[in-house]
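Here the structure is a predicted model, which means the values were calculated and not measured.
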Amino acid sequence: LVSTNIPYISIHPSGWARAALKEAPEELEGKERTIWVAKKRFPYINFIPPRCRVPNDGWADAANIAYYGYLKKIHTFATDEFDWCCKEMM
């Protein structure tokens with residue numbers, strides 16, 4: 001990522017989970033909570049792997065981590081890039 005100038009952030013699991021899963025009902029815990037939020041946020045993604053009957057919490061985690069990264073990118077990197085882009089277009 002560094003050699004291709006792709007921005008990335010490194011965060012502890014509790015950090016992304018706290019931010020990305022805050023809208024989940026309090027009665028849900030662990031895997032159920034992650035899966036619930038991922039299904040709500042990405043309704044068109046099937047989190048059930050082939051030949052399985054239950055959603056994969058690893059896939060749900062990946063989707064939620066990507067969403068968290070998206071939110072952090074919007075707030076940290078994209079603001080300056082957006083301003084620059086808009087000024088160029090005007």
Side-chain donor-acceptor pairs of residues 12-20 under 3.5 Å, sequence neighbours excluded:
| residue | atom | partner | partner atom | Å |
| --- | --- | --- | --- | --- |
| H12 | ND1 | S14 | N | 3.3 |
| H12 | ND1 | S14 | OG | 3.1 |
| W16 | NE1 | P13 | O | 3.4 |

What side-chain donor-acceptor pairs closer than 3.5 Å can you find for residues 28-40, not counting sequence neighbours?
| residue | atom | partner | partner atom | Å |
| --- | --- | --- | --- | --- |
| R33 | NH2 | L21 | O | 3.1 |
| T34 | OG1 | G30 | O | 3.4 |
| T34 | OG1 | D61 | OD1 | 3.4 |

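Residues I48 and R53 are not in side-chain contact: their nearest non-hydrogen atoms beyond the backbone lie 4.5 Å or more apart.
By the side-chain hydrogen bond (donor to acceptor under 3.5 Å, both in side chains) test, E27 is found to be paired with no residue, residues two or more places apart in sequence or in another chain being considered.
Residue I45 is grouped with residue Y67 when hydrophobic side chains (ILVMFWY) are merged at heavy-atom distances under 4.5 angstrom, including chains of intermediate members.
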